[in-house]
Structures are given as structure tokens and as C-alpha cells.
Trainee: 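I'd like to ask some things about the structure below.
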Amino acid sequence: MKLKTLSAFALTSVMALTGAAAWAEDTIKIGVSYPTPTHAWAAGMNWHAEQAEKRLEALYPDIDLVLINSPDPSAQASALEDLVSVHQIDALVVLPFESEPLTDPVLNVKKSGALITVVDRGLSQPGIEDIYVAGNNPELGRVSAVYMKGRLKDGDNIVVLRGIPTIIDNERFDAFMAEIEGSGINVLDHKHANWNRDDGFEVMQDFLSRFPDIDAVWAQDDDIAIGVVAALKQAGRDGDGMFVVGGAGMKETIKGIMEGNELVPVDVLYPPSMIATAMDVTVAAFKSNGPVAGRYILGATLITQENAASFYFPDSPF
Amino acid sequence: MSAVTTDYEKTAKRLSFDLKTAGPAVALVILCVIGFLLNPAFLSEGNITNLLTRSAFIGIIAVGATFVITAGGIDLSVGSMAAAIAGVMIITMNAAIDTMGSGVATVLLGCGVSILLGIGAGWVNGALTTKGKIEAFIVTLGTMGIYRSLVTYFADGGTLSLNFDIRGTYRPVYYDSFLGLPIPVWVFIVVAILGWLLLNRTAFGRYCTAIGSNEAVAKYSAIKVDRIKTMTYVIQGFCVSLATIIYVPRLGSASSSTGVLWELEAIAAVIIGGTVLKGGYGRIGGTILGALILTTIGNILNFTDMISNYLNGTMQGLIIIVAVFLQRGDWGKSRKSED
């Protein structure tokens with residue numbers, strides 16, 4: 001504890017000297033903190049954050065964005081401390097690893113006077129963030145169900161592959177089932193495929209052995225959908241108007257939609273680029289003449305052949 | 001006095017032997033009956049082929065794990081190793097497309113890379129354990145983390161995908177059949193037979209058992225303990241590379257979520273099959289049954305909606321414990337031989 005205080009003191013004094021120069025230029029420093037990407041969606045987010053950094057810094061010479069990713073919640077908490085003490089940020093854009101352990105660290109950043117933008121995952125205490133940007137999980141389920149209802153008729157059968165058992169998965173699933181209810185479409189069964197291609201493949205194989213008549217599949221996620229499509233092709237049941245609805249907006253899936261893929265004709269957006277939206281809004285808080293604080297819930301847009309091009313980023317890893 | 005005890009132990013062992021051998025088989029048969037009762041489609045040809053093909057990955061890896069565990073070691077790195085090898089295979093094949101085209105040669109190159117990497121990675125695990133004198137648990141825990149993060153790095157956090165043209169050439173390795181059985185199942189069968197011969201009919205197999213029972217005694221009996229132990233890890237690595245070679249054509253992709261928890265499934269298959277975790281006794285036949293049991297559990301759970309999805313792990317855990325209890329269960333007669 002003593003050592004920590006001492007080093008913090010030493011650090012502050014050094015900062016006071018070197019920081020004086022930076023202050024004079026009057027740059028606006030914005031810290032951007034998110035988990036180290038370990039899966040494709042997060043890698044896409046990382047890519048979009050880097051793109052937004054380049055674009056915004058080119059647009060506003062006095063804006064300095066500092067991107068930091070952390071491999072676990074406690075590392076992210078330390079990264080937030082560093083953003084305040086070393087970089088003396090004016091605003092923070094944060095996608096918390098987990099809500100609970102990061103609520104206090106973000107609160108501490110707020111106490112330093114910085115503007116707080118929270119992305120995707122809320123904090124466990126209300127009122128900390130000035131700006132909130134997130135995708136819409138229930139809407140993703142609802143939009144998927146609306147599309148299913150448009151394509152299927154009374155008495156048709158579907159199966160559902162779910163993600164990892166979490167609140168996100170429950171929100172999507174419950175909204176989907178609520179929208180499907182009363183439509184006459186039978187949901188034969190639902191199993192967890194953990195947002196994973198291999199699990200999607202195996203669960204779908206078993207559904208195909210178990211149910212001789214399936215008309216469509218809600219895979220909820222583009223990775224699961226890839227496994228589902230492989231299983232359908234293996235069993236030779238990819239024809240007869242069979243279709244699969246995934247979700248998220250993976251570039252390969254969107255490319256397929258642009259090319260008119262009949263098996264995966266649409267996708268429902270849950271965009272990793274939401275981090276870029278959050279960075280834009282945060283910069284706007286310093287640059288816009290309009291008010292900016294508030295909650296931004298992004299739409300779960302249905303991506304079809306007509307609008308697919310505007311969601312296609314061939315250079316992104318996702 | 002001691003002669004009498006040995007005789008007693010021998011009879012005790014003979015009595016319990018039947019149950020020990022039959023344990024996993026009985027468990028598998030019971031599972032299949034349950035599956036059939038839940039849904040007759042369980043025994044359809046399509047489902048049986050799916051089950052066998054799916055078991056091939058874990059099964060092949062578990063054959064290698066049987067050697068490692070019999071010789072008193074453990075390898076936690078196999079799942080990550082499979083993911084890293086799959087990643088490098090895909091990168092190599094994609095890169096070779098310009099010079100070698102998208103034909104069989106490129107696929108063979110990928111397979112060659114896989115085998116070299118598997119053997120190399122196994123040798124590293126073995127050498128660090130024997131020459132480096134670090135516990136196998138720590139060595140392979142370390143390499144597990146290394147391989148897992150390497151595949152994440154290669155894929156830039158995302159997913160590595162095999163070029164579409166090569167996929168066409170490579171696809172039959174997973175999806176095609178020979179004499180009615182899918183090719184992965186044939187690979188599984190060949191690996192199982194070779195593994196059984198190696199463990200039960202060669203000096204190498206006896207050395208593995210001897211080292212696992214008592215390493216010091218094995219050393220004094222002029223067994224080259226370090227070399228044999230390293231060889232078990234090399235065999236394990238080779239098995240992982242074979243499993244990867246039949247895994248990659250399935251979906252043509254590798255990511256950080258590839259092969260997650262395969263190490264635990266492989267170890268579970270080995271132990272369910274009757275091999276002793278602390279070494280000294282190994283059974284390839286049991287391992288095969290163990291792998292089949294594990295896949296069947298998952299399959300059956302997908303065939304019913306009677307059990308909440310959230311309780312899948314509970315069912316798996318219960319069945320694994322019951323299966324091991326069936327064969328280890330102290331049925332009164334073998335108690336004294338356990339000490």
C-alpha cells in the first residue's frame with residue numbers, strides 16, 4: 001500500500017512536469033478501453049475502433065484517442081487508472097469486461113471529471129455514464145421472428161440454436177418466442193450451440209436425425225449458422241426452400257447475402273462497429289453544438305440483398 | 001506369507017476383472033438403450049454414423065492420452081495444440097495455393113505440416129517434462145496457454161478460413177465414406193488397433209506400464225525412462241495432428257474456440273475406459289468406449305427436451321461418475337487388492 005502511494009506520488013510529480021506541455025496545447029484526450037479480442041466479433045470491434053481512431057484524429061487535430069485493450073477485468077481496471085493518471089483523459093469510452101467488477105473503477109474515472117461513455121454492457125449501478133451506446137438484443141430476436149413469420153406459414157416447423165447461456169441469449173430467445181407465439185409456426189426444440197461453429201454443426205446434425213420435417217432454422221448467430229449450413233449440406237437437406245437466419249453481421253455472411261445466397265438470405269445486425277458509434281458520439285460531446293448525453297440503442301437492422309453493401313467491411317476480421 | 005497374499009490378490013483380480021473390462025461397455029449399452037427409448041431415430045444409420053464420426057476426434061486424441069497417462073504423465077495441451085495446428089495448416093494451404101494450386105498436393109502439404117507440428121509439439125512437452133524436470137501438469141498447462149494464444153494471434157482474434165477451392169479438394173476426407181463407414185471412422189479404427197498393439201504387444205507398451213507403476217524401479221531395471229516418457233508425448237502429439245487433419249475439412253476454419261476442453265474430454269475418455277489416472281495401467285479398448293460414451297451423452301441430450309438445457313453439464317457429470325463407478329466400484333471382493 002505504502003509503495004503504491006509512493007509510486008503514485010512519484011508518477012504524479014513526473015506527470016505534473018511533462019503534462020504541463022500537453023495541457024498548453026489544449027488537446028482533448030479520450031481513452032477507449034475494451035477487452036482484448038479473443039473471438040471474431042471482438043476482433044471486428046477492435047478493427048472498427050482503430051478505423052474510428054484514424055478517421056476522427058484526421059478530422060479533428062486537437063482530438064487524441066488512446067486505445068487500450070485488456071485481457072481480464074482486473075487488467076481493465078488498472079488500464080482505467082492509467083488512463084486517468086498517465087493520460088489525464090477528458091472522456092472515457094469503455095466496453096466493460098464484466099459489469100460488477102468494473103463499476104467502481106469507472107466511477108473513479110468519473111470522479112476525475114471525465115465524460116463517461118459505456119458501450120454494449122451496462123454497469124451495475126445506474127447514473128454513472130453520460131452516454132450509453134448498445135445493440136438491441138431483444139430486438140434481434142424479434143426482427144428474426146418477424147422475418148420467419150413472413151416466410152413461413154401456419155404449421156411449418158423450425159428449430160432454434162441458442163448461444164451461451166447468458167442474459168444476452170435469454171433476451172434474444174425470449175423476444176423471438178414472444179413474437180413467434182400465436183403464428184402457428186412450431187418451434188420443435190431449442191438447444192445451446194454456444195455461438196460456436198462446431199457446436200452448431202453437431203446440434204444441427206442431431207436435430208436433423210431427430211426431426212424429419214424442418215422448414216427453417218433460427219441460428220441466432222453467424223458462427224452457429226456456418227455449422228448449421230454444413231450439417232444441412234451433409235444431410236442433403238439444404239433445398240426445398242430451407243433457410244437459416246443468423247445474427248451479428250459477419251463479413252462472409254453479408255457477402256453471401258449480397259450474392260443472393262438462398263440458404264442464408266438475410267442477417268440481423270448486432271454490429272461490432274458500435275464502438276465506433278460510441279467514439280463518434282463522445283467526440284461530438286466536445287464538438288457538436290447540440291446536446292449529446294443520453295442512451296443510444298442501435299437498431300437490429302434486417303440485412304437483405306438490397307442494403308447489404310452498406311454493412312460489408314471486407315478488411316475487417318469479422 | 002507373502003506368497004499367500006499374492007495368490008489371494010491374483011484370485012481377487014481375476015474375479016473383478018470381468019466387471020472392470022465390461023464396465024464401460026455396459027455403460028455404453030445402457031446409454032444406447034436409453035437413447036433408443038427416447039427416440040427410435042437414435043439408432044438410425046445417419047445418427048450412428050454421426051456419432052462415430054464425432055467420436056473420432058476425441059477418440060484419436062484419447063488413444064495418445066492413454067500412453068501419456070499410463071506412463072504416469074498428463075497432457076493438458078492437446079485441445080490448444082489441435083487449434084494451433086489447425087490454424088497453421090490453414091495458413092500454409094492458403095499460402096501454397098499460388099505456387100501449388102488447389103489440388104491434392106496442397107492438401108498433402110497441409111497434412112505434412114500438421115504431422116511435423118504435432119510430433120514437434122509433443123517432443124517439446126516430453127523434453128521439458130523429462131530433461132527439464134518440470135511436472136507434466138505445469139509444462140502442459142504452460143503450452144496449453146501458449147498454443148491457445150498463438151491461434152488467436154494467427155487469426156488476428158477472428159477466424160481463419162480455408163480457401164474455398166482447397167475446401168472442395170479436402171472436403172471428402174471428412175464427408176466421404178469407404179465401405180459404408182466415413183473416413184474419420186476408419187482413421188479412428190486404424191489408430192485404435194495400432195495403439196492396442198503398441199501398448200499390449202510390444203516392449204514399449206510394457207515399459208510405459210512399468211514407468212507408470214514405479215518410475216524408480218523402472219530406472220533401476222535399465223529402462224530408458226526419459227526416452228520412453230518423451231515418446232509417449234510424441235505419440236500424443238502425432239494423434240493430435242491426425243485428429244486435426246480430419247477436423248479441418250469439416251468446417252474449414254480454426255479460431256480460438258477450436259478444440260476448447262478437448263484435453264479434459266480426452267482425459268475423461270481415458271479414465272472412463274479404465275486406465276488409472278496415476279499411471280501403471282492402461283486400456284486402449286476402454287479408451288475407445290470412453291470416447292464413444294462421452295459423445296453419446298451429448299447426442300442423447302440433443303435428442304430430448306425432457307431435461308433443461310441448463311442441466312446438460314449435470315447429466316454429463318452424473319453419467320461419467322456412474323460409468324467409472326461401475327468399473328471401479330468396490331463390489332466387496334476386490335477391496336484388499338486395492339491397497
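The chains referred to below are lettered A, B, ... by the order of the sequence lines, with proteins before strands, and numbering in each begins at 1.
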Trainee: Among B/Gly298, B/Ala41, B/Gly46, B/Ser256, which has the most heavy-atom pairs under 4.5 Å with chain A?
Mentor: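 Option with the greatest count: B/Ser256.
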Trainee: Taking side chain as everything from C-beta outward and backbone as N, CA, C, O, which of these in B/Arg148 sits under 4.5 Å from a heavy atom of chain A? Side chain, backbone, both or neither.
Mentor: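 When you check distances to chain A, no heavy atom of B/Arg148 falls under 4.5 Å.
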Trainee: If every non-hydrogen atom of B/Thr152 is compared with every non-hydrogen atom of A/Pro37, which pair is closest and at what distance?
Mentor: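 In this case the closest contact between B/Thr152 and A/Pro37 is CG2-O, 3.8 Å.
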Trainee: Take atom CG of B/Leu37 as the centre, draw a 6.0 Å sphere, and report whether it contains more than 12 heavy atoms from other residues, nucleotides or ligands.
Mentor: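 Yes, the 6.0 Å shell around CG holds more than 12 heavy atoms from other groups.
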Trainee: Nearest 0.5 Å, what's the CG-NZ distance between B/Asn312 and A/Lys191?
Mentor: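 These two atoms lie 6.0 Å from each other.
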Trainee: Answer yes or no: is there an ion pair linking B/Arg250 with A/Asp198, defined by an N-O contact shorter than 4.0 Å?
Mentor: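 Yes.
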Trainee: Given heavy-atom pairs under 4.5 angstrom as the criterion, report whether the side chain, backbone, both or neither of B/Tyr174 touches chain A.
Mentor: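 Contact with chain A involves the side chain of B/Tyr174 alone.
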Trainee: Examine distances only and state if a side-chain atom of B/Asp156 and a backbone atom of A/Ala43 form a donor-acceptor pair shorter than 3.5 Å.
Mentor: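 Here the side-chain-to-backbone pair does not exist.
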Trainee: With a 4.5 Å limit on heavy-atom distance, are the side chains of B/Tyr310 and A/His192 in contact?
Mentor: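 In short, these two side chains touch, coming nearer than 4.5 Å.
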Trainee: Identify which part of A/Phe201 has an atom lying under 4.5 Å from any heavy atom of chain B, answering side chain, backbone, both or neither.
Mentor: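 Looking at A/Phe201, just its side chain touches chain B.
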Trainee: Would you mind reporting whether A/Arg210 and B/Asp305 have side-chain heavy atoms less than 4.5 Å apart?
Mentor: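 Heavy-atom side-chain distance check passes, below 4.5 Å.
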Trainee: If you count heavy atoms of other groups shown closer than 6.0 angstrom to CD of A/Glu181, is the number above 12?
Mentor: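 12 or below, so no.
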Trainee: Nearest 0.5 Å please: distance from the OG1 atom of B/Thr159 over to the CZ atom of A/Arg197.
Mentor: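 These two atoms lie 4.5 Å from each other.
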Trainee: Check each atom of B/Thr304 against the heavy atoms of chain A and say whether the ones under 4.5 Å are side chain, backbone, both or neither.
Mentor: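 Backbone only.
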Trainee: How far does CG of A/Asp206 sit from CG of B/Leu51, to the nearest 0.5 angstrom?
Mentor: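 Here the interatomic distance stands at 7.5 Å.
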Trainee: With rounding to the nearest 0.5 Å, note down the distance linking CG in B/Asn302 to CE in A/Met204.
Mentor: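 The distance works out to 11.0 Å.
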Trainee: Could you tell me whether the side chain of A/Ser209 reaches within less than 4.5 Å of the side chain of B/Asn50, counting heavy atoms only?
Mentor: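 B/Asn50 vs A/Ser209: side chains touch.
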Trainee: Would you mind checking which part of B/Tyr153 comes under 4.5 Å of any heavy atom in chain A, side chain (CB onward), backbone (N, CA, C, O), both or neither?
Mentor: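 Neither part; nothing is under 4.5 Å.
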Trainee: If you look at every heavy atom in A/Ala230 and B/Leu251, which pair is closest and at what distance?
Mentor: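 Taking A/Ala230 first and B/Leu251 second, the nearest heavy atoms are CB-CD2, 3.4 Å.
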Trainee: Non-hydrogen atoms of chain A under 4.5 Å away: do they reach the side chain of B/Ser161, the backbone, both or neither?
Mentor: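 Side chain only.
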Trainee: Measuring from atom OG of B/Ser257 to atom CG of A/Asp199, what distance do you get when rounded to the nearest 0.5 angstrom?
Mentor: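 Answer rounded to 0.5 Å: 8.5 Å.
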Trainee: Taking every non-hydrogen pair under 4.5 Å, which of B/Asn39, B/Thr258, B/Val260 racks up the most with chain A?
Mentor: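 Of the options given, most contacts go to B/Asn39.
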Trainee: Look at A/Glu202, A/Arg162, A/His190, A/Glu252 and state which one has the largest set of heavy-atom pairs under 4.5 Å with chain B.
Mentor: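 Heavy-atom pairs under 4.5 Å are most numerous for A/Glu202.
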